[in-house]
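See structure below.
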Amino acid sequence: RVSFVKSGDTTYMLARTREFDERMTRESAETEEYTEQEREQMFVNGMRQHYNGVFDATKGTVAQKTEAATRAVVKEYKLGYYAGKNAKLERVR
C-alpha cells in the first residue's frame, strides 16, 4: 500500500488511500468481462495515460515535468504523496 522512491537526496512516498481503492474497485466493476488481472492493468494504463498527458503538456525540465505529472495523478486518483530529506517526509499538496 506504500511505495518509496529515492532520487538524489530526496525520498518520495506514495500511499494508497481508501478513495483510491474504491475508485479502482468501481472502475474494475465496469469491465467485468475481463479477468481481474486485465482489469487492474486497464486501471494502471489509465493512470499512465493521465501521467503521460500531463508530462507531455508541461513545459520545463524533466524534473519539473515529472513533478507536475505526479501531482496530477495524485490529485486525480486521490493518492497520498509525501517528499522529504533525512527521513523526514511531509505531505505534498
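These values consider heavy atoms only, across backbone and side chains, with no hydrogens, waters or symmetry-generated copies.
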Check: If you count the non-hydrogen atoms of other residues, nucleotides and ligands that lie under 6.0 Å from CD in Glu33, is the total more than 12?
Finding: yes
Item checked: Evaluation steps, side-chain contact (heavy atoms from CB on, under 4.5 Å), between Glu27 and Arg39 -> CA-CA 8 Å; Glu27 290 186 15; Arg39 290 191 303 265; over 6 Å; no
Notebook entry, point to check: Does a sphere of radius 6.0 Å around CZ in Arg1 hold more than 12 heavy atoms from other residues, nucleotides or ligands, not counting ones at 6.0 Å or beyond?
Noted result: yes
Next item on the list: Could you tell me which non-hydrogen atom of Thr17 sits nearest to which non-hydrogen atom of Gly80, and how far apart they are?
Entry: CG2-N, 3.8 Å
Check: Taking all atoms of both residues into account, what is the closest heavy-atom pair of Tyr12 and Ser7, and its distance?
Finding: CE1-CB, 4.0 Å
Solution key, residues 56-63 side-chain donor-acceptor pairs under 3.5 Å, sequence neighbours excluded:
from: Thr58; atom 1: OG1; to: Val54; atom 2: O; distance (Å): 2.7
from: Thr61; atom 1: OG1; to: Ala63; atom 2: N; distance (Å): 3.4
from: Thr61; atom 1: OG1; to: Gln64; atom 2: N; distance (Å): 3.1
from: Thr61; atom 1: OG1; to: Gln64; atom 2: OE1; distance (Å): 3.4

Next item on the list: Please check if Leu89 and Val92 belong to a single hydrophobic cluster, counting links between Ile, Leu, Val, Met, Phe, Trp and Tyr side chain heavy atoms closer than 4.5 Å.
Entry: no
Check: Counting distance only, does the side-chain N/O of Arg91 pair as donor-acceptor with the main-chain N or O of Tyr82 below 3.5 Å?
Finding: no
Next item on the list: Return the minimal non-hydrogen interatomic distance between Ala15 and Val2, and the atom names on each side.
Entry: CB-CG2, 4.3 Å
Item checked: Heavy-atom pair of closest approach, residues Asp21 and Arg16 -> OD1-NH2, 2.6 Å
Notebook entry, point to check: Aromatic rings Phe20 and Phe43: how do their planes relate, parallel, tilted or perpendicular, breaks at 30° and 60°?
Noted result: perpendicular
Checklist line | Met47 side chain near Leu79 side chain, heavy-atom distance below 4.5 Å | finding: yes
Checklist line | Separation of Met13 CE from Ser3 OG (nearest 0.5 Å) | finding: 9.5 Å
Note to self: Within the structure provided, determine whether Thr70 and Phe55 are in side-chain contact (heavy-atom separation under 4.5 Å).
What the structure shows: no
Next item on the list: Consider only side-chain N and O atoms of Gln49 and Asn45, and report whether a donor and an acceptor are under 3.5 Å apart.
Entry: no
Checklist line | Arg23 and Glu19 ion-paired at < 4.0 Å | finding: no
Notebook entry, point to check: Roughly how far apart are Asn86 CG and Thr11 OG1, rounded to 0.5 Å?
Noted result: 8.5 Å
Note to self: For a quick check under 3.5 Å, do Glu38 and Thr35 share a side-chain donor-acceptor pair by atom type?
What the structure shows: yes
Notebook entry, point to check: Which residue pairs satisfy the salt bridge (charged side-chain N to carboxylate O under 4.0 Å, His left out) criterion with at least one member in residues 60-72, sequence neighbours excluded?
Noted result: Glu67-Arg71
